[in-house]
Undergrad: 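This structure is in structure tokens; I'll ask about it shortly.
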Amino acid sequence: MSIIARAWPKFLAIAAVAVVAACESDSLKARPSPLKDTVIDDAGLNDLLLTSGDPEFSVEYFETAVAREPERADFRRGLAISYGRAKRYPESSRVYEELIALDQAQPGDILDYGFVAVRLGDWEGAKSAEANLPAGFNNSRKHLLSAMIADSDQDWASADAAYTRAETLALKPDQVLNNWGVSYMARGDLENAEDTFRRAVSFNSRLFSAKNNLAIVRGMQGEFSLPLVPLTDEERAMILNNLGVIATRQGEIRVARGLFAAAVDAHPQHYQGAADKLAALDGKVEN
């Protein structure tokens, strides 16, 4: 997602913008056209499609809507958001660029475009979005974008200032704090990273990326026990597996074996990834 994300192992979960994973699209073939015989604005249908349900169905709906009425900015905006929800970020970026080129973009659209650019590692696009926001536009997400751009430039003082403003303006600063913790990790400041991830979890105990990052930063400091935070069985298994990866990279093979075994035991189904790593380590330990 970013320079920071690429600097860490793949198991490091970084939250920047909230998206919903796309569902399988094969079932769409059996559905009626989303615009057929429908008064499309009735009962806030546009808003409903953007906040619930299958992201790919939302994409289909707004693609059809834009094709029928290309002058409608709300349809184009809905399509850009829907592509983002479906994790189709290049297409989302293209539609936001169309909105901007047609002079139909609102400040929120420009900001959303900036976050999509971050997802794509397009820092010039993110900086362009930041520069084109109105001077009086001031909310938590705007400062979060500024913080992430500063992180990409390793301008840590500017990043901290922007994260502070973002946290102050956020109703629930868990995502801001999670990103801030990742920023501290990128600098090698593991103590502040751990404290910041703990704060993120205190605001939202369901935010897995913050819980995962908290465990990882503890593992990087040689502490391989699970943090005292609420965890489902699946979350527990995933974090134990990630700690096992860290222990392996630190040469703690026996510790890693115990962590992978615990991950297999904790998972509510079968955890093939942890089982494979455990089998690989068993050979090394026996030798």
Side-chain angles (χ1 to χ4, degrees), residues 1-19 115 118 139-141 143-148 150-152 154-250 252 255-256 258-259 262-263 266-267 274:
M1 182 186 73
S2 68
I3 291 173
I4 294 172
R6 290 196 297 270
W8 295 100
K10 291 182 180 179
F11 53 76
L12 177 60
I14 300 177
V17 283
V19 293
F115 279 106
V118 169
N139 65 20
S140 178
R141 292 184 74 237
H143 294 298
L144 177 57
L145 177 63
S146 298
M148 296 171 71
D151 280 338
S152 74
Q154 297 187 6
D155 182 354
W156 308 127
S158 295
D160 285 340
Y163 279 122
T164 298
R165 290 191 292 269
E167 181 188 2
T168 300
L169 292 173
L171 294 177
K172 288 185 63 178
D174 49 301
Q175 295 282 3
V176 172
L177 292 167
N178 187 46
N179 272 81
W180 201 351
V182 172
S183 175
Y184 280 126
M185 288 182 74
R187 314 171 202 185
D189 187 348
L190 302 185
E191 183 176 345
N192 268 327
E194 182 175 349
D195 289 343
T196 307
F197 290 134
R198 287 190 186 280
R199 292 175 60 210
V201 175
S202 74
F203 280 102
N204 183 1
S205 63
R206 299 179 64 183
L207 183 60
F208 175 73
S209 56
K211 293 185 283 188
N212 185 48
N213 289 341
L214 174 60
I216 287 170
V217 77
R218 283 161 47 85
M220 292 172 70
Q221 298 173 85
E223 177 54 70
F224 294 105
S225 62
L226 290 172
L228 297 177
V229 295
L231 295 170
T232 66
D233 288 343
E234 187 169 1
E235 288 175 336
R236 186 184 308 275
M238 292 173 67
I239 289 175
L240 286 166
N241 176 73
N242 292 344
L243 288 172
V245 173
I246 295 173
T248 302
R249 294 184 178 185
Q250 293 181 355
E252 299 285 351
V255 172
L259 290 164
H267 201 281

Undergrad: Give me the atom names and distance for the closest heavy-atom approach of A210 to A200.
TA: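 For A210 versus A200, the nearest heavy atoms are CB-CB, 3.9 Å.
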Undergrad: Is there a side-chain contact between M238 and N212, using heavy atoms and a 4.5 Å cut-off?
TA: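 Contact flag for M238/N212 side chains = no.
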Undergrad: For the atom pair CD (E191) and OG1 (T196), what is the distance rounded to the nearest 0.5 Å?
TA: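 Taking CD in E191 and OG1 in T196, the distance rounds to 10.5 Å.
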Undergrad: Can you name the closest pair of heavy atoms from P230 and E235 and give their distance?
TA: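 Looks like O-OE1, 4.0 Å.
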Undergrad: Starting at CZ of F224, measure out to CG of L240 and round the result to the nearest 0.5 Å.
TA: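 One gets 12.0 Å once the value is rounded to the nearest 0.5 Å.
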Undergrad: Write down the atom of G181, the atom of A193, and the distance for their closest heavy-atom approach.
TA: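 Closest approach of G181 to A193, heavy atoms only: O-CB, 3.5 Å.
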Undergrad: Could you tell me whether a side-chain N or O of K211 sits under 3.5 Å from a main-chain N or O of S205, the two making a donor and an acceptor?
TA: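 Judged by distance alone, yes, a pair lies under 3.5 Å.
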Undergrad: Taking the side chain as C-beta and beyond, is there a heavy-atom pair between Y184 and R187 under 4.5 Å?
TA: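 A side-chain contact exists here, since the closest heavy-atom pair is under 4.5 Å.
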Undergrad: Is any side-chain heavy atom of Q250 closer than 4.5 Å to one of V255?
TA: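 The answer is no, as the side chains (C-beta and beyond) never meet within the 4.5 Å cut-off.
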Undergrad: For a side-chain contact (heavy atoms from CB on, under 4.5 Å) with H143, tell me which candidate from V176, L169, T164 qualifies.
TA: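 Checked V176, L169, T164 against H143; only one passes side-chain contact (heavy atoms from CB on, under 4.5 Å): L169.
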Undergrad: Atom CZ of R218 and atom OG of S225: how far apart are they, to the nearest 0.5 Å?
TA: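 Going from CZ on R218 over to OG on S225, the span is 4.0 Å.
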Undergrad: Assess, by modelled atom type and distance only, whether the side chains of R198 and S202 contain a donor and an acceptor separated by less than 3.5 Å.
TA: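 Side chains of R198 and S202: no pair found under 3.5 Å.
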Undergrad: Any chance you could measure L207, atom CG, to L214, atom CG, to the nearest 0.5 Å?
TA: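 Spacing of CG (L207) from CG (L214) equals 11.0 Å.
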Undergrad: Answer whether the closest heavy-atom distance between the side chains of F208 and T232 falls below 4.5 Å.
TA: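 No, side chains not in contact.
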Undergrad: What closest approach, in Å, do W180 and E167 show between heavy atoms, and which atom pair accounts for it?
TA: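 Scanning both residues completely, I find the closest heavy atoms to be CZ3-OE1, 3.5 Å.
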Undergrad: Flag the pair F197 / V182 as yes when at least one side-chain heavy-atom distance between them is below 4.5 Å, and no otherwise.
TA: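 They are in side-chain contact.
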Undergrad: Rounded to the nearest 0.5 Å, what separates atom CD1 in I246 from atom CE in M220?
TA: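 Between I246 CD1 and M220 CE, I get 7.0 Å after rounding to 0.5 Å.
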Undergrad: For a quick test of reading the model, state the closest non-hydrogen atom pair linking A274 to A263 and the distance between them.
TA: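 Nearest heavy atoms, A274 then A263: CB-CB, 3.9 Å.
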Undergrad: If you round to the nearest 0.5 Å, how far is CG of L177 from CG of L144?
TA: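 One gets 10.5 Å once the value is rounded to the nearest 0.5 Å.
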Undergrad: Tell me, do R249 and V245 make a side-chain contact under 4.5 Å, heavy atoms counted?
TA: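 Result yes, sub-4.5 Å side-chain heavy-atom pair found.
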Undergrad: Sub-3.5 Å donor-acceptor pair from the side chain of N241 to the main-chain atoms of A237, do we have one?
TA: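 Not a single qualifying donor-acceptor pair exists.
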Undergrad: So, for D151 and S183, which heavy atoms are closest and what is the spacing to 0.1 Å?
TA: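 What the structure gives for the nearest pair is OD1-OG, 2.7 Å.
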Undergrad: Under a 4.5 Å cut-off applied to non-hydrogen side-chain atoms, are L243 and L226 in contact?
TA: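 Yes - at least one pair of side-chain heavy atoms lies under 4.5 Å apart.
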